[in-house]
Amino acid sequence: MAKYNDDLKQLDLPHIDQLMLKFWEENDIFNKSVNQRPVDNSFVFYEGPPSANGMPGIHHVMGRTVKDIFCRFQTMKGKRVERKGGWDTHGLPIELSVEKELGITKEDIGKKISVDDYNHKCRETVMRYKDLWDDITRKMGYWVDLDNPYITFNNEYIESVWWLLAQLYNKGLLYKGYTIQPYSPAAGTGLSSHELNQPGCYRDVTDTTVVAQFLTKPDTLPDFLHGYGDIFILAWTTTPWTLPSNTALTVGPKIDYVLVKTYNQYTFKPINVIIGKALVEKQLAGKFMQVETEDQLNAYQQSDKKIPYLVVKEFKGQDLIGIRYEQLLNYALPYDHPENAFRVIGGSFVTTEDGTGIVHTAPTFGADDAKAAREAVPEVPAMLVLDEHDNPVPLVDLQGRFRKELTEIGGKYVKNEYYNEGEAPEKSVDVEIAIKLKEENRAFKVEKYVHNYPHCWRTDKPVLYYPLDSWFIRSTAMKDKMIELNKTINWKPAHTGEKRFGNWLENLNDWNLSRSRYWGIPLPIWRTEDASEEQCIESIADLQVEVAKANEQLGLNQTVPADLHRPYIDEVILVSQSGKPMKRELDLIDVWFDSGSMPYAQWHYPMENRDFIDKGTTFPADFIAEGVDQTRGWFFTLHAIASMVFGSVAYKNVVSNGLVLDKNGVKMSKRLGNVIDPFKTLEDYGADATRWYMISNAQPWDNLKFDLDGIDEVRRKFFGTLFNTYSFFALYANIDKFSYSEAVIPLEKRQEIDRWIISLLNSLIKEVDNDLANYEPTDATRKIMSFVDEHLSNWYVRLCRRRFWKGEYSEDKIAAYQTLYECLTTISKLMSPFAPMFADWLYKNLNEATGKEVHISVHLSDFPIADRNHIDLALEQRMDYAQRISSLVLSIRKKEGIRVRQPLTKILLPVLDPDFIHQVDSVRDLILSEVNVKDIEYITDTDGFIRKKAKANFKTLGRILGKHMKTGAQMIQEMDQASISQLEKTNAFSIEIEGESFNLTTEDVEISFDEIPGWQVATDREVTVALDVTLTEDLIAEGLARELVNRIQNIRKNSDFNVTDRIIVDIEKNNIILPAIEKFGDYIRQEVLANQININDNDGELTEITEEVSVKIAISKA
RNA sequence: AGUCCUGUAGCUCAGCUGGUUAGAGCGCUACACUGAUAAUGUAGAGGUCCGCAGUUCAAAUCUGCGCAGGACUACCA
């Protein structure tokens, strides 16, 4: 017969990994596991594409473990779970690494290196670490189809993306518009936030700053500001060149402001100014001096050293909203709704940290400004004027120069840094504007100020925040739909979806799609030069038609390029309806759009596989999982595209997992040298222990403090225990040749303990199934661990050991084998999603010996189904009693210093509830053998023998007693024995508090045992145990007999006897132990498999039996 | 700066809708067990449940304000 594999003498997880990986590959288990499930019963999973441009880290092992668990689980539940791998291949990191490698900068592209060569280099680089990725994927046991991955740079992929963009375009959701972006005039390009975050970009610079006085229009002032004459609002700026573009002032609605009477320090004219209350002292410092009366104020002379000021009024920002003011520098007016400009509006971003608490707002040059202006009702227009072609433009051109509208400063650069060396004027425009304002009594204060300002990493010159032309997706138009759809998604954890993602959707901005780069998906929009006509291409076929049309009408000879990337695609010229040539908009699209398109583009939808999406076979996903950092990344782009193009969610369940930190909770970084090498970890500890540790230690969405010692603990505690249990089983099953060939012994014919562990096992199946269905992997692992360790190993196996090694191959023995076998195979299935290798090793070892199931791998088997009929909660409860009673008895023994091998006569169990006796009686024998006591006696008549005590049940009483709770609890605590008896008998007791009477029932009072005079007592919640510790001669002899058995067994073991060898024992004569041999000789012989015991002198080992007695014992084979 | 998360024993974590001795594992200390043995059991020590205030008869749990750590987003007149 087939034997249970016992090759491994001790647990070696990395070795098991190797065995299983080889087995899986040779037998194509992954594909089989997918293909054996029906096509029409799919569980859709999307793989978020990693970039193979970087090395895989330990956090990838974490993320992929989460994915793998649920995919494997659903597979075992009968679902077909296709797992198409994918690679993210575009984007800035790839460009940067190529540039670094070639030693070039962006400026060199098209000069030192052609765009063509550059893109080729990107294409090569992007898969640099693919082998390492494939390797880690395999070694960690992550099942994903790496043979047919989607790759975002493939033409098919790009074509699908184009189609999606065209859908958006056709719905009017794609538009070209302005947004305020960091812009480098010297380089003539916008900068991404990534580029701004390069080291050294933010630098301290000294700028001329102005606190300007904006003159309010009296008829728009609120009543409380009437009667003071001219009132100015003070606003501070570090960029005076933006003042001509001012169209609003922003206040914080909740901020306190004051009206201050004082004098202008440059013109000495009396003025009234509005300023943030918290900033009065800061702005009116130095030359200024606070006074208390009008007289003191009026007494001011120009020659005085200090300028007095008087605070006359206080109010909230809210009260200022709506005030209109005269334009500060009237070079130009906004072309659009100029009547809505020059007002006070509210904004939440206003602080009183510095400045005046009122923000000069120039929507053309500040993102916050633009936002506040847009949100105001009515909208505040930006300072845009119409150029020669009637296009709206800001007052500063793309080179960073003022437009001609600004007369005397027109044509000048807004920053002196933008001039070529030696050409900068003495006075910057900032200074010129400051002087002008001073002269016009519009400057409250002008001073130099040092602040941190971003610089372009290519030109070293300051960045301008500038409205740039970009292509946008009008996601705001679909905001409500996205919010509504989001509510149907099951987020793990929920708050990531409700709060983090929900808030993000609430505050959604239009999606800036444009990137001025080279390596990415080109925007498929062609335009005429005057932008009057344009076309969005939705497929290669579409492009072919248009190219042919253009060739014909424009007399060209173009073909559709074989590669849809730049620069080839840029050379294609199309023709407009009116016959004009159209060129492609040079932008690439945001790489995030690439990855958000994967549900469709991975199948080259809709050019192929239309049904996959249209019939819902692969859309939406049932499940996706990535790091929380993808909330606004992949999770969003998937959601946005699905919502906008298909009106659907892209995924129904999403797990966002946390970060993997080092063991001290510090982020892993190369610099700190605390990075964990995933390859080495897997090699040292094996994939299963690593995976199990990661999942069981913390919920996936909590950050994981990764500690290698934790993996080792999991290995010892869980895998070690399970391995030992299996080894134990295999050892005896091989001896007895148990191969599950006998008929299944019905549960009712098995022992109580068998039914108990089977009951627990079925409860466990139910729980684990439930947890996995609800994306709660951590709970599931913890429950499996607790079952294996606490119940299976430390109770079932421990108590049943004798059944396996003792006696004939009886029905009871077979029942034990069947029971343990069932537990082990079931555990192998339950754990297989988490620990696929060990689980399969275990399953195969068991199944190959019995041939019970047809599957050659656990991963081809079905997930166990809990059998309700096998769950017996009463049984589970009484076994719990048994465990607790045993534990209490052992603790009394310990306290009394009585060894477990010393038998005792009886346990006393006080009983409150007749059912308790019944329950304990069924597990009586287990308890007695476990604690080596001969009998259990129940005490029901407690009066006078056992004292009871009463304690309030706060939960029920709280409602009845309310504020009298404290007094009531005290009174119940003090109930005497008679009162307790009365309550028990009549189920009624009344107490009186402050004249009020309350009727209590037994439900309101918890009664427990206090003490049994003269006995050793231990209590665990409602269970109380007393132990009779009297020793008789017989008991002592029996105890010694057991000591002898133990010593002889040790000698057997040390002498390397086989478990089945019969022996002869020689024991030196000793009067103390003689009674033990006389009275319990049979017992001893039976236990140690001795044919005879001789009392004689022998040259055996001197062996200590008790502290007082040592005798020589020799054994030999019979 | 905003949004969100986390804060319980030396360490890693449980603690459901508020209920009175706040738990587990590891580690530590002591003892025991020994045909699962590079295992195992029992016991012990170890906690201002981040702080403060509030709601309540009752707060680790609910509310507010802070503090510390982290993530994301935005970058500031």
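Hydrogens, waters and symmetry mates are skipped; everything else that's a heavy atom, side chains included, is used.
As rounded to the nearest Å, B:C16 and B:U63 have P atoms that lie 14 Å from one another. Separation of the C1' atoms belonging to B:C57 and B:G18 is 12 Å when rounded to the nearest angstrom. B:G46 and B:U29 are spaced 11 Å apart, taking the C1' atom of each and rounding to whole Å. Rounded to whole Å, the C1' atom of B:A60 lies 16 Å from the corresponding atom of B:C52. Here the separation of B:G15 from B:U21, taken at their C1' atoms, is 15 Å to the nearest Å.
Set against B:A71, B:C76, B:A36, the side chain of A:Tyr465 has B:C76 as its closest nucleotide. In the set B:U12, B:G25, B:U73, B:G25 carries the atom at the smallest distance from any side-chain atom of A:Glu713. Checking B:U42, B:A36, B:A14 against every side-chain atom of A:Ser887, the shortest atom distance belongs to B:U42. Listed candidates were B:U21, B:C13, B:U12. Nearest to the side chain of A:Lys951 is B:U21.
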Test log, rule salt bridge (charged side-chain N to carboxylate O under 4.0 Å, His left out), inputs A:Asp789 and A:Lys717: CA-CA 8 Å; A:Asp789 186 43; A:Lys717 192 95 187 109; 3.2 Å; yes
I would like to know whether A:Thr721 and A:Ser793 meet side chain to side chain donor-acceptor pair (under 3.5 Å); could you show each step before the answer? CA-CA 7 Å; A:Thr721 305; A:Ser793 169; 5.3 Å; no
Write down the protein N/O and nucleotide N/O pairs, taken from nucleotides 38-40 of chain B, whose separation is under 3.5 Å; answer none if there are no such pairs.
unit_1	atom_1	unit_2	atom_2	d
B:A39	O2'	A:Asn724	ND2	3.2

Got a list of protein N/O to nucleotides 4-11 of chain B N/O distances below 3.5 Å?
none

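Contact check on A:Lys448 versus A:Asp207 returns no salt bridge, with no Lys/Arg side-chain nitrogen under 4.0 Å from an Asp/Glu carboxylate oxygen.
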Treat primed atoms plus P, OP1 and OP2 as sugar-phosphate and everything else as base, then score nucleotides 55-62 of chain B 5' to 3': B for base contact with protein heavy atoms under 4.0 Å, S for sugar-phosphate contact only, - for none. --B-----
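Within the nucleic acid shown, A:Leu659 comes within 4.0 Å of sugar-phosphate atoms alone, with no base atom in reach, counting heavy atoms only. Contacts of A:Ser793 with the nucleic acid, taken as non-hydrogen atoms under 4.0 Å apart, include base atoms.
Distance OH/A:Tyr817 to CZ/A:Arg803: 11.0 Å, rounded to 0.5 Å.
Contact record, A:Leu824 with A:Leu842: O-CD2, 3.9 Å, taken as the closest heavy-atom pair. Between A:Leu704 and A:Ala698, the shortest heavy-atom contact is CD1-CB, 4.3 Å.
Checked by distance alone, A:Ser786 brings no side-chain donor or acceptor within 3.5 Å of a matching partner on the base of B:A24.
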